[in-house]
**Student:** 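To start, I am sharing the structure in question, which I have written as structure tokens.
Ligands are counted one by one from 1 in listed order, and the atoms in each one are counted from 1 as well.
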Amino acid sequence: MSVEVNLIQELENIERSGLEALAGVKDEAALQAWRIAHLGRSAPVMQVFSRLGQVPKEQRATIGQRANQAKQKLEAAQAELEQALKQAALEHSLENMRLDVTLPGRTPDHGRLHIVTQTLREIYKIYAEMGFQVYRSTDVESDDYNFTLLNMPAYHPARDMWDTFHTTRPGVILRTHTSPGQIHVMHERCPEPIRVILPGMVYRYEQISARSEIQFNQVELLVVGQKITFGDMKGTLLDFARKLFGKEVRSRLRPSYFPFTEPSAEMDIECFVCGGAGCPVCKQSGWLEILGCGMVHPVVLQNGGYDPQQFSGFAAGLGIERIALLRHRITDIRYFWQNDIRFLEQF
Ligand code: FA5
């Protein structure tokens with residue numbers, strides 16, 4: 001027998017056995033295996049192509065043509081079955097996974113405002129009603145604004161009240177309180193009267209505990225005018241406490257010391273845990289401190305450009321996380337920034 005007859009016979013066998021094998025294919029995985037075996041690189045029909053070089057020249061075209069025919073037939077049969085399997089799979093899924101368009105949709109989880117943001121917004125609202133404007137200054141401050149211009153020259157012992165994060169640039173620090181904003185506002189507004197709140201994050205190199213964080217929010221208050229008195233300050237802060245904590249809440253102003261106010265005070269709220277009887281949260285005092293305040297020191301007014309003979313003012317600094325602790329009966333400040341969703345979604 002000639003090479004031609006041999007190869008033609010072989011191609012017929014290849015085609016037939018390929019089609020027979022395809023008749024047994026029932027799913028897409030088996031079809032994929034069949035494709036590799038019968039049309040892949042080492043499939044018999046492909047082997048014939050690679051042997052064409054050895055076929056005498058005058059027979060090559062006929063055999064090549066027949067080989068192409070066999071390959072195309074197998075490809076066509078495979079494509080037809082593939083289509084049929086896909087259609088069957090679609091019909092099966094339509095039959096078995098019917099879509100009930102009348103079912104109620106699943107509600108996606110909603111994010112919510114962080115409890116500190118909620119508290120801040122309530123505080124903004126109370127002070128906005130009293131006619132205060134919001135003024136923002138930067139978290140990175142100069143030593144001058146954070147201390148010197150607030151009546152704490154270099155080496156003043158009162159600087160130790162605030163443990164400071166220094167940067168690698170001499171004289172540049174992370175603000176330890178929002179009070180440097182007082183000087184920025186005064187420089188901007190002088191000689192106009194001032195009634196602003198200054199919210200922002202502050203940073204302290206402190207021991208972290210249930211009541212103290214190394215980074216927390218404060219809202220500063222500053223009022224400057226021609227006849228501002230300690231009575232104005234007391235009225236503003238007591239009114240604020242009643243609006244935020246409720247009419248029945250007991251609060252008190254206690255004498256204190258800040259270098260940038262004179263006289264100075266701190267405001268306490270009755271301890272929410274023991275109701276004033278004394279417990280570990282309030283260190284047995286019955287009271288919890290929420291803010292520092294006082295009449296703006298004449299040196300600070302002067303540093304801001306205001307003549308202390310003509311102008312007076314009061315300032316206060318509120319600790320926002322401490323206020324949120326009190327309002328929501330939370331016993332540990334560390335929850336605020338741990339990002340535990342079980343805590344956050346309660347508010
Ligand atoms: C100050 O920061 C002053 N600048 C406040 C002030 C402003 C006084 C204007 C007078 C005039 P003090 O360090 O006490 O003061 O902080 C103010 C409030 O921040 C505190 O009453 C407390 O509520 C909160 N606070 C202080 N330290 C921490 C801390 N480590 N973690 C969380 N809250 C704190």
Side-chain angles (χ1 to χ4, degrees), residues 115-116 119-120 123 135 137 141 145-147 149-152 158-165 173-186 194 196-224 228 230 233-234 236-237 240-241 244-245 251-269 271 281-283 285 287-297 299-301 304 312-327 330-337:
I115 177 166
V116 166
T119 313
L120 276 169
I123 293 172
Y135 183 98
S137 62
E141 257 304 350
Y145 276 83
N146 199 82
F147 293 118
L149 295 169
L150 288 172
N151 199 23
M152 283 175 279
R159 286 185 173 217
D160 290 349
M161 288 166 73
W162 296 278
D163 298 305
T164 309
F165 282 111
I173 59 166
L174 294 184
R175 65 177 169 198
T176 57
H177 50 173
T178 41
S179 301
Q182 290 185 27
I183 305 287
H184 289 292
V185 190
M186 287 193 224
I194 298 174
V196 292
I197 54 171
L198 306 103
M201 189 67 99
V202 303
Y203 307 84
R204 293 190 189 173
Y205 187 46
E206 276 186 10
Q207 180 70 45
I208 296 179
S209 71
R211 288 168 46 79
S212 296
E213 262 291 359
I214 57 169
Q215 115 176 41
F216 57 95
N217 285 275
Q218 285 191 338
V219 170
E220 188 92 3
L221 255 77
L222 178 66
V223 176
V224 176
I228 305 297
F230 194 93
M233 179 181 84
K234 193 173 167 193
T236 307
L237 295 177
F240 162 75
L244 193 68
F245 294 101
S251 57
R252 67 173 187 189
L253 277 179
R254 176 172 42 76
S256 183
Y257 168 75
F258 295 102
F260 33 89
T261 46
E262 179 59 36
S264 304
E266 279 174 320
M267 187 179 216
D268 297 332
I269 298 290
C271 177
V281 172
C282 59
K283 296 192 193 137
S285 69
W287 297 93
L288 290 165
E289 169 205 325
I290 57 158
L291 59 86
C293 58
M295 299 306 290
V296 182
H297 197 287
V299 170
V300 176
L301 281 172
S312 59
F314 72 81
L318 290 65
I320 306 307
E321 283 78 0
R322 293 259 179 95
I323 287 176
L325 283 178
L326 278 168
R327 291 193 68 218
I330 301 164
T331 49
D332 199 317
I333 200 169
R334 287 167 290 200
Y335 288 126
F336 285 98
W337 307 114

**Student:** Quick test of your reading of the structure: of Arg204, Arg175, Met161, whose heavy atom lies closest to atom 26 (C) of ligand 1?
**Tutor:**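 Heavy atom nearest to atom 26 (C) of ligand 1 belongs to Arg204.
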**Student:** For ligand 1, which atoms have a heavy atom of Gln182 less than 4.0 angstrom away?
**Tutor:** 9 (C)
**Student:** Is a side-chain donor or acceptor of Arg322 paired with a backbone partner of Arg211 at a separation under 3.5 angstrom?
**Tutor:** yes
**Student:** Below the 3.5 angstrom mark, is there an N/O of Thr261, backbone or side chain, next to an N/O of ligand 1?
**Tutor:**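 No - when backbone and side-chain N and O of Thr261 are compared with those of ligand 1, no distance drops under 3.5 Å.
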**Student:** Is the closest heavy-atom distance from Ser179 to ligand 1 below 4.0 Å?
**Tutor:** yes
**Student:** Please identify which atoms of ligand 1 are closer than 4.0 Å to at least one heavy atom of Glu289.
**Tutor:**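 The list of qualifying atoms is 14 (O), 20 (C), 21 (O), 22 (C).
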**Student:** What atoms of ligand 1 come within less than 4.0 Å of a heavy atom belonging to Phe260?
**Tutor:**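 Close to Phe260: 3 (C), 4 (N), 6 (C), 7 (C), 8 (C), 9 (C), 10 (C), 11 (C).
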**Student:** Which of the numbered atoms in ligand 1 are under 4.0 angstrom from any heavy atom belonging to Leu291?
**Tutor:**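 That gives atoms 21 (O) of ligand 1.
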**Student:** Distance under 4.0 Å to a non-hydrogen atom of Glu220: what atoms of ligand 1 satisfy this?
**Tutor:**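 Matching atoms, with element in brackets: 7 (C), 9 (C).
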**Student:** Pull out every atom of ligand 1 sitting under 4.0 Å from any heavy atom of Ala315, numbered as shown with elements.
**Tutor:**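 Listed by number with element, the hits are 9 (C), 11 (C).
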**Student:** Considering only heavy atoms, which of Phe314, Tyr257, Phe258, Phe216 lies nearest to atom 29 (C) of ligand 1?
**Tutor:**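 Among Phe314, Tyr257, Phe258, Phe216, the closest heavy atom to atom 29 (C) of ligand 1 belongs to Phe216.
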**Student:** Taking Glu321 for the side chain and Asn217 for the main chain, is one N or O donor matched with an acceptor at less than 3.5 Å?
**Tutor:** yes
**Student:** Take Ser179 and Glu220 through the test side-chain hydrogen bond (donor to acceptor under 3.5 Å, both in side chains) and record every step on the way to the result.
**Tutor:** CA-CA 6 Å; Ser179 301; Glu220 188 92 3; 2.8 Å; yes
**Student:** Assess whether side-chain hydrogen bond (donor to acceptor under 3.5 Å, both in side chains) is satisfied between Gln182 and His177, documenting all intermediate values.
**Tutor:** CA-CA 11 Å; Gln182 290 185 27; His177 50 173; over 6 Å; no
**Student:** Which residue from Ser256, Gly292, Gly319, Gly181 reaches closest to atom 6 (C) of ligand 1 through any of its heavy atoms?
**Tutor:** Gly292
**Student:** Side-chain contact, heavy-atom cut-off 4.5 Å: Thr164 with Arg204?
**Tutor:** no
**Student:** Where the side chain of Thr261 meets the backbone of Val296, is there a donor-acceptor pair that is under 3.5 Å apart?
**Tutor:**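 Checking the backbone N and O of Val296 against the side chain of Thr261, no donor-acceptor pair under 3.5 Å is found.
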**Student:** Can you sort out which atoms of ligand 1 are near Ile333, meaning under 4.0 Å from one of its heavy atoms?
**Tutor:** 32 (C)
**Student:** Around Phe230, counting heavy atoms of other residues, nucleotides and ligands shown, do more than 12 lie under 6.0 Å from its CZ?
**Tutor:** yes
**Student:** If we set the cut-off at 4.0 Å for heavy atoms, which region of Glu206 has an atom near ligand 1: side chain, backbone, both, or neither?
**Tutor:**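 The side chain, only.
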**Student:** Using distance alone, determine whether His177 and ligand 1 share an N or O pair under 3.5 Å.
**Tutor:**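 Among all N and O atoms of His177, at least one is under 3.5 Å from an N or O of ligand 1.
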**Student:** With a heavy-atom distance limit of 4.0 Å, tell me whether Ala316 approaches ligand 1 through its side chain, its backbone, both, or neither.
**Tutor:**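 Under 4.0 Å from ligand 1, Ala316 contributes backbone atoms alone.
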**Student:** In Å and rounded to the nearest 0.5 Å, what is the CD1 to CG distance from Ile269 to Leu291?
**Tutor:** 8.0 Å
**Student:** Is the contact between Val202 and ligand 1 made by the side chain, the backbone, both, or neither, using heavy atoms and a 4.0 Å cut-off?
**Tutor:**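 The answer is neither; Val202 stays 4.0 Å or more away.
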**Student:** Considering only non-hydrogen protein atoms, determine which one is nearest to atom 22 (C) of ligand 1 and report residue, atom name and distance to 0.1 Å.
**Tutor:** Arg322 NH1, 3.2 Å
**Student:** Quick check against the 3.5 Å criterion: does Ser212 have a side-chain atom that pairs as donor or acceptor with the backbone of Ser209?
**Tutor:**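 A pair under 3.5 Å: no.
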**Student:** So which bit of Cys293 gets within less than 4.0 Å of ligand 1, heavy atoms only: side chain, backbone, both or neither?
**Tutor:**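 The answer is the backbone.
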**Student:** Starting from atom 31 (N) of ligand 1, what is the nearest protein heavy atom, named by residue and atom, and what distance separates them?
**Tutor:** Glu213 N, 3.0 Å
**Student:** Check the surroundings of atom OH in Tyr257: do more than 12 heavy atoms from other residues, nucleotides or ligands lie under 6.0 Å from it?
**Tutor:**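 Result for OH/Tyr257: enclosed.
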**Student:** Would you say Val202 and Thr176 make side-chain contact, with heavy atoms under 4.5 Å?
**Tutor:** no
**Student:** For atom 16 (O) of ligand 1, what is the closest protein heavy atom, and at what distance to 0.1 Å?
**Tutor:** Gln218 NE2, 3.3 Å
**Student:** State plainly whether the residues Asp268 and Arg252 are in salt-bridge range, i.e. N to O under 4.0 Å.
**Tutor:**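 Yes, charged N to carboxylate O under 4.0 Å.
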